[in-house]
Structure formats: structure tokens, C-alpha cells
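Just so it is clear, the structure is predicted and the values come from calculations on it, not from any experiment. Every chain is numbered from 1 and lettered A, B, ... according to where its sequence line falls, protein lines coming before strand lines. Values below: all heavy atoms of this structure, side chains included; hydrogens, waters and symmetry mates excluded.
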Amino acid sequence: MNIYKEISNSIIGKLKEIPEIKDYLTPQILNNIAIEIPKVRDFGDFSTNAAMLLTKSLGKKPRDIAELLVSYIKEIPNVETVSIAGPGFINIKIKDTHIKETIFSGNFNPDTEKKQKIDLDYGGYNVGKTLHIGHLRTTVVGDTFNRIAKFLGHTTKSYNHMGDWGRPMGLIIAWILENGMPSNVDDINRMYPASSARAKEDPAWLEKAQKITVELQNGNPEYKKIYDTFIPMSLGQVNQLLKRLNILTFDENKGERLIAEYVPTVEKILEEKNILEHSDGAEIITVKQDTDTEPMPPVMWKSSAGAQTYAAADLTAIYYREKTDNPDSIVYFTDNRQTLHFKQIFRAARLVGFAENAELQHIGFGTITGSDGKPFKTRDGNVPSLDDMLNIVAESVRKRVSESGKKLSDETIEKIALAALKFNDLMHDVKSDYIFDVDSVTNFEGRTGPYILYTAVRLNSILKKVGEISVTQDCDLLPEERDLLMFLLDFNRVTETAFEKRAPYILANYAYDLCKLINTFYHTCPIMRDDIEEKVKSQRLMIVKQSLNVLSKSIELMGLEIPEEM
RNA sequence: GCGCCCAUGGCUCAAUUGGAUAGAGCAUCUGACUACGGAUCAGAAGGUUGAGGGUUCGAAUCCUUCUGGGCGCGCCA
């Protein structure tokens, strides 16, 4: 169901039938014809700029052209009225009966025409580091995008490209050799920062760690044994937190370590194609092009110490993914500080001829900052772990609940906290930095996750009181009802846009706007009161039902859960 | 130095990617049917979209110059 597409196609089809203009509809003009939903709802349900685009080629005034187009557009089925406004916009209003028919059918399934195969790369957690605020966006945005793509019928494969094979491993092992084995994951999480700090001050220590890294990668059994004992602890912690965050299980946890098995194969290909160069003891791939105006350093394939680099892992991963998935595109969701890195990797891939049929795309998002514009830290100057952040939000929910005298289960409180944290992240445009303000995340009024859940819970609560809903008699729609229904009709277009733009925030903002309309409707249109006529009642119940239908789908796509009560 | 990204009411964000009167939330002020669940709703106030110039029927959006901020620029991942 996509009424937007339906109307769009009908209008374009009609225009092509008009003898006076059909010869002027060049591909360029057709491409520029916009069928839009006007910002000001009073203008109509849809509008088009077609008349304005034809002024030049026809040599007529836009409003005159509009007159002509209107006489044809009127003939489109389900169109109630067509009018001209402003400089020559054509505004179209759809028949109420058609809106109701479409919505009440309850079919909100997408009608994706071209289904794609997409590899997704997000998460990319590091062994030895607790998941912290810096992992929030890649996780939440990646996961939601994955859900949207699946919903639209695309085939996705999510990769968690773990950082489990680089120098941090050498640093941890060096630390263990001196201080003994870790007894739990917290020990490990302390080791890496400690060892890393020491390496900054002590060059000998750094060198030692580098050496261990190379030897580990070359199969040193002693190091491998240590490695094999602390890796599961670290992974266990990651998985536990992902579960708490309600993130879909990754299809592949193929990190740098597992991808390393394919590095020799890729290296062979690189050598055969004569792409590798030696430079200062390292092996590199030149990706600079003559037209570049920006700095474009070479891809480091192997460090001069002989260690596998992260670039090698990423390039090899492209090779692996092409072989196993043959995807239409590979999309990476990471911090935008890695923009240059991925540009290099993608160029290298093109040079070697990897994934030639796939679009390689890096979605770089901004940093979560404190109100000072610097990367977010807690008051004591530490980077907060995701677990801690959730606990802080949950505590705030608990406080609010107890103040209001309600009693909610821990499970419900957790769901509300998760919604607060995740929605706050999802609603921001991916590419820009955003300020993480603890006060506004723990304030549950207005544009927040709890507001969204609350809306859904209320709708549920009404529906619980009634049985089967059927609309048999037609009755008029109030403006608040009509606005809501029109907005529901937009759901499919929104999910498609969010998918195409790789921008889950579009869905998040849609969900919020939907809730606003639902709450307005809820207030102005009483349902269960005794003085409400039966036919009005059943129509409103149907509106409630279908609103919840769309809302709960949106909530699910954001990886949130509706509690029983709140 | 070279390059990429950003700049929208006091604060935090939108604007369907060139459309009509730049919309929301927070904070402030005023209200709401004895709450179909008040974590709600209605209203008021708040803007020369960082500055200048350009492109066109039309610019927050595109081009250009400047100002201010963030980030990146071969052996960290």
C-alpha cells in the first residue's frame, strides 16, 4: 500500500495524455516534476509543481498551464478536488471514502519493486574495551536500518567487524605476561587502557606489544592460548549488552581475526595484479588520483613491523563478502572520522576489482558531545559505558514512577529507559554531531521515547476494552481524524525514504509526529462515551486500531518494545 | 598548510533534498471536559536561517567570498 506512489503514477500518466504538453515532457522535466505532500495541510493532500516547470518550454504563464492540467487531473479516480494556488501549484484532495477504504483494509505491507541484497557493517566493537557512548550510534542506527531494510523485503546480512586482532591484543597480552591472567571481563577492560597508557610513555613497552601482536598473528602458540582465554570473556560481555539493548543478533561476528584467514589469498591477488608497493619497510597500495584536491595517503596493507593492519582487514572483508554474499551494496555505519579511511579502502577495492557490482557506501555520523561541544564525558571526566548510561536513565524512570505513585515492574522500567536512550539517538540526523544532555534524555515529556511508548500503551488500553471492530456504516471525518489517516497513508513512503537515504532518523521523526496526531485525535474525538453514536464509535475504534498498527510497526523498527502499562 | 563536515528562536532538533506562511520539543506565560490513562491536550510569546554577493518563477537548501566551530591528512583501530 503506497498511496503516494499511486497518486504520483496517476498524475504523471495523465500528463502524458495531454496533447498540448506531452511533447514537451522531456526526461529532464519529468524528473523534476515533484509530487509532494504540502507542508501546510490546508492546501491539499498532494501538490505538484508541473505547471511551473513547463512555463519556459510552452511560453505561457504558469497559472494558465495549471488551468489546463487541472482539467485532466480532475479525471483521476478518487480525486475529490483540484485547485490552483500561489505561483501555479496544483493542489489535489483525495476522497475521504478512498482514504478510509485504504486505511481500514489494514494493509501496510510494503510493495518494494526491486529487492536488494545488502551487507551491513556496524557495531565493530573492540575487545578489551567496554561498549561506551561512542558505540551507541553505530549500534542503534545500524540495527534500525537493518530492520527497515528487512521490513521492505530486502535481504540483509549484518556483520560485526570486531576489533580483535590488532595492537590492542599485543598490549593486553604483554600486560598479562607481566601481571597474570584476568579473572573476569572487568580485569580485561582495565588492562587495555593501562597498557596503552604505559605504551605512550615507554617506547620499549610499545615495541614489545607490537612484537607480540605480530607473533600472535603469525601463530605463536603461547600468545594464542592467552588470547583464547580472554576473548570469550570479552565477547560474552558484548553479547550480553547487545541483548539488553534489544539489538538483532548479528548474522556474522567475523572480525579482524577471522577475516585474517583470507588475507594471504587477497595478498596473492594484490601481488599478481602488481598493486602492492614497498615503502619504508611497509607494504602499501597507492590510491591517489591526479584529480584529487584532498590529501589521499596510500592504504597501509602491512606495517613495517609486519603486522596486519585494519586497512587490510577491511579490504579483505570486501573480498570475503563479495565471494560469500555477492551483495548489491555494502553499507558501513561508523563514525565520520573514518570517512577518509573508507574512501581509501573503496578505491583500493575498485583497483583490485573487488565487489565490482556492489555499491560501497560509508555512512559517517557525527560525534555525541557534551554541552561544551567536546566528546561526551561524565562529570568525573570518564567516558561512560553504555551499561552505565542505561542504568542512569533507568534510575530516572524509576524515580518518576515512584513520585507518581504508580507501580511498574523492572521489566517495564527497563523498556522505558531503553526507549528514552535509543530514541534520543535515533531522532538526530545521522551525519551531524549531537549534544547528549542527560537532563533532556531523562526528561520524558515531549519528543522522547517514553512519549511514543505512552501513546501506544493508551491505544492498547482502549482496544483491550472492545472486541472485534468492524465499520459498516459510513460517517464523516473530523479534521483531526482526516489528518491522522492521511499521515498513516504516508508510512510506506517514509520507510522507503529512510531506507534509500540510509537515514533511520526519518522514521524516528515520523513516529513522533504520528504520536502527536494520535494524541490530538485522542483528545478531540471521544470514543467510549455514552453519547457517542455507534457508527462514529466503530469508525473511531478502527482509526485507533490502524494507528496502533502503524505505530507499533514503527516502534518495532526502532528496536523498542511496548510495555503492558506505564 | 591541504581537505572534508557543520552553522536555523534562550537551549535541543526538523524542514519530505529547490517549493507556498521555516515547523516541533525543552524552558517561560495562560488555559483544558470531575483524566475513554495528565509521561496528555489547546493557546501565547520567541526567527532578516552566522555575514555579504550570485544563480531563477521560487533558496535554510545550489554556486562564490568571508567569519566561527568540529574532524581528518602512511605504519592507532
**Q** Nearest whole angstrom, please: distance from the C1' of B:rU16 to the CD of A:Glu500.
**A**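 From A:Glu500 CD to B:rU16 C1': 12 Å.
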**Q** Salt bridge or not for A:Glu496 and A:Lys501, using N-O below 4.0 Å?
**A**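 No, A:Glu496 and A:Lys501 are not salt-bridged.
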**Q** Could you check if a side-chain atom of A:Phe436 sits within less than 4.5 angstrom of a side-chain atom of A:Ile133, using non-hydrogen atoms only?
**A**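 Yes, their side chains come closer than 4.5 Å.
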**Q** Would you indicate, yes or no, if B:rA77 has its OP1 or OP2 atom less than 4.0 angstrom from a side-chain nitrogen or oxygen of A:Asn126?
**A**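 Result: no.
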**Q** Does this structure show an ion pair linking A:Asp45 with A:Lys93, if we count only N-O contacts that are shorter than 4.0 Å?
**A**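 Answer for the salt bridge query: no.
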**Q** Need to verify one output field. Residue with the more 5' nearest nucleotide on RNA chain B, A:Arg337 or A:Val457?
**A**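 Its nucleotide being nearer the 5' end, the pick is A:Val457.
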**Q** Going by atom types alone, do A:Trp301 and A:Glu267 pair a side-chain donor with an acceptor below 3.5 Å?
**A**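 A:Trp301 vs A:Glu267: donor-acceptor pair found between side chains.
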**Q** A:Glu256 side chain: which of B:rG19, B:rA77, B:rG74 is closest?
**A**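 Ranking B:rG19, B:rA77, B:rG74 by closest atom to the A:Glu256 side chain puts B:rA77 first.
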**Q** Check whether the side chain of A:Arg458 and the base of B:rU40 form a donor-acceptor pair under 3.5 Å.
**A**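 For A:Arg458, whose side chain was compared with the base of B:rU40, there is no donor-acceptor pair (under 3.5 Å).
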**Q** Starting the side chain at C-beta, find the nucleotide from B:rU16, B:rC36, B:rG25 nearest to A:Ile37.
**A**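 The answer is B:rU16.
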**Q** How is A:Ile435 classified with respect to the nucleic acid when contacts are heavy atoms under 4.0 Å: base, sugar-phosphate, or nothing?
**A**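 Here A:Ile435 touches the backbone only, sparing every base.
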**Q** Heavy atoms only, 4.0 Å cut-off, all strands: where does A:Lys516 land among base, sugar-phosphate and nothing?
**A**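 It contacts sugar-phosphate atoms only.
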**Q** Could you tell me whether the side-chain ring of A:Tyr522 sits stacked on the base of B:rC41, using a centroid cut-off under 5.5 Å and a plane angle under 30°?
**A**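 A:Tyr522 ring does not meet the centre or angle cut-off for B:rC41; no stack.
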**Q** Just how far, in rounded Å, is P of B:rC5 from NZ of A:Lys431?
**A**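 Atom-to-atom, A:Lys431 to B:rC5, this comes out as 10 Å.
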**Q** Between atom NE2 in A:His341 and atom C1' in B:rA77, what is the gap in whole Å?
**A**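 About 8 Å, once rounded to whole Å.
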**Q** Could you check whether A:Arg458 makes a cation-pi contact with A:Tyr522, meaning its NZ or CZ is under 6.0 Å from the centre of the six-membered ring and within 45° of the ring axis?
**A**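 Verdict for A:Tyr522: a cation-pi partner in A:Arg458.
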**Q** If you find the nucleotide of RNA chain B closest to A:Asp164 and the one closest to A:Val397, which residue's nucleotide is nearer the 5' end?
**A**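 First, find each residue's nearest nucleotide; the 5'-ward one identifies A:Val397.
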**Q** Taking CD from A:Glu403 and C1' from B:rG38, how many angstroms apart are they, rounded to a whole number?
**A**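 Rounded to the whole Å, the gap is 15 Å.
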**Q** Between A:Thr455 and A:Asn519, does the side-chain hydrogen bond (donor to acceptor under 3.5 Å, both in side chains) criterion hold? Intermediate values first, please.
**A** CA-CA 7 Å; A:Thr455 308; A:Asn519 282 319; 3.2 Å; yes
**Q** Considering every strand and a 4.0 Å limit on heavy-atom distances, what is the contact class for A:Asn519: base, sugar-phosphate, or nothing?
**A**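 The residue A:Asn519 makes sugar-phosphate contact but no base contact.
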**Q** Could you check which of B:rC36, B:rG72, B:rA24 has an atom nearest any side-chain atom of A:Tyr512?
**A**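 Looking only at side-chain atoms, A:Tyr512 lies closest to B:rA24.
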**Q** When you check the phosphate oxygens OP1 and OP2 of B:rG74, does a side-chain N or O of A:Lys288 lie under 4.0 Å from one of them?
**A**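 The answer is no; no side-chain N or O of A:Lys288 sits under 4.0 Å from OP1 or OP2.
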**Q** If you compare every side-chain N and O of A:Lys406 against the phosphate oxygens of B:rA39 (OP1, OP2), does one of them come in below 4.0 Å?
**A**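 Yes, A:Lys406 has a side-chain N/O under 4.0 Å of OP1/OP2 on B:rA39.
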**Q** Between B:rC41 and A:Tyr451, is there an OP1 or OP2 to side-chain N/O distance shorter than 4.0 Å?
**A**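 The answer is yes; a side-chain N or O of A:Tyr451 sits under 4.0 Å from OP1 or OP2.
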**Q** Can A:Phe89 be called stacked on B:rG19 when the rule is centres closer than 5.5 Å and an angle between planes below 30°?
**A**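 Stacking between A:Phe89 and B:rG19: absent.
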**Q** As a test of the definition: with a 90° window around 0 for syn, would you call B:rU12 syn or anti?
**A**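 That one's anti.
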**Q** Quick one: which of B:rA39, B:rU12, B:rA15 gets closest to the side chain of A:His428?
**A**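 Selected nucleotide: B:rU12.
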**Q** What's the NZ-C1' distance between A:Lys464 and B:rC36, to the nearest Å?
**A**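 Whole-Å distance recorded here is 14 Å.
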**Q** Using a heavy-atom cut-off of under 4.0 Å over every strand shown, decide if A:Gln210 touches base, sugar-phosphate, or nothing.
**A**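 Since only primed, P, OP1 and OP2 atoms lie under 4.0 Å of A:Gln210, the category is sugar-phosphate.
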**Q** In dot-bracket notation, what is the pairing pattern of RNA chain B, taking Watson-Crick (N1-N3 plus N6-O4 or O6-N4) and G-U wobble (N1-O2 and O6-N3) contacts under 3.5 Å, with [ ] crossing and | for other strands?
**A** (((((.(..((((.....[...)))).(((((.......))))).....(((((..]....)))))).)))))....
**Q** Closest to the A:Met528 side chain: B:rC75, B:rC36, B:rU40?
**A**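 Side chain of A:Met528 sits closest to B:rC36.
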**Q** Figure out the CG/C1' separation between A:Asp433 and B:rC4, and round it to whole Å.
**A**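 From A:Asp433 CG to B:rC4 C1': 13 Å.
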**Q** Atom CG of A:Leu206 and atom P of B:rA77: how far apart are they, to the nearest Å?
**A**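 About 11 Å, once rounded to whole Å.
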**Q** For a quick check of understanding: with a heavy-atom distance under 4.0 Å over all strands, which category does A:Ser304 fall into, base, sugar-phosphate or nothing?
**A**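 Touches a base.
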**Q** What integer number of Å spans the C1' atoms of B:rA44 and B:rG50?
**A**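 Approximately 29 Å lies between the C1' atom of B:rA44 and that of B:rG50.
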**Q** Calculate the interatomic distance between A:Asn443 atom CG and B:rU40 atom P; express it in whole Å.
**A**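 From A:Asn443 CG to B:rU40 P: 9 Å.
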**Q** Kindly point out which of B:rA42, B:rG3, B:rA20 is positioned nearest to the side chain of A:Glu294?
**A**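 The answer is B:rG3, which lies nearest to the side chain.
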**Q** For B:rG23, does either OP1 or OP2 sit under 4.0 Å from a side-chain N or O belonging to A:Lys39?
**A**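 Answer no for this pair, as no side-chain N or O of A:Lys39 is under 4.0 Å from OP1 or OP2.
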**Q** When you compare the side chain of A:Gln308 with that of A:Lys302, does any pair of heavy atoms fall below 4.5 Å?
**A**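 A side-chain contact under 4.5 Å is absent here.
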**Q** Where the side chain of A:Pro297 is concerned, which of B:rA32, B:rC73, B:rC57 is the nearest nucleotide?
**A**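 The answer is B:rC73, which lies nearest to the side chain.
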**Q** Nearest of B:rC6, B:rG72, B:rA39 to any side-chain atom of A:Val401?
**A**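 The listed nucleotide nearest to A:Val401's side chain is B:rA39.
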**Q** Given B:rA39, is OP1 or OP2 found less than 4.0 Å from the side-chain N or O atoms of A:Tyr454?
**A**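 A:Tyr454 to B:rA39 OP1/OP2: side-chain N or O found under 4.0 Å.
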**Q** Using 4.0 Å as the upper bound for N to carboxylate O, is an ion pair formed by A:Arg493 and A:Asp490?
**A**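 Salt bridge present between A:Asp490 and A:Arg493.
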**Q** Rounded at 0.5 Å granularity, tell me how far CD in A:Glu6 sits from CD1 in A:Ile11.
**A**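 Taking CD in A:Glu6 and CD1 in A:Ile11, the distance rounds to 10.5 Å.
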**Q** In terms of relative ring orientation, are A:Phe491 and A:Tyr510 parallel, tilted or perpendicular, with 30° and 60° separating the classes?
**A**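 Aromatic pair A:Phe491/A:Tyr510 classed tilted.
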**Q** Does the base of B:rA20 carry an N or O that pairs as donor and acceptor with the side chain of A:Asn91 under 3.5 Å?
**A**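 Yes.
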**Q** Distance check: side-chain N/O of A:Thr520 vs OP1/OP2 of B:rA42, anything under 4.0 Å?
**A**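 A:Thr520 to B:rA42 OP1/OP2: side-chain N or O found under 4.0 Å.
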**Q** Name the closest nucleotide to the A:Pro87 side chain, picking from B:rG72, B:rU40, B:rG19.
**A**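 My answer, after comparing the listed nucleotides, is B:rG19.
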**Q** Looking only at side-chain atoms of A:Ser279, point me to the closest of B:rG74, B:rC36, B:rA32.
**A**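 Closest of the options to the side chain of A:Ser279: B:rG74.
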**Q** With a non-hydrogen cut-off below 4.0 angstrom, is A:Ser47 in contact with a base, only sugar-phosphate, or nothing?
**A**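 Since a base atom lies under 4.0 Å of A:Ser47, the category is base.
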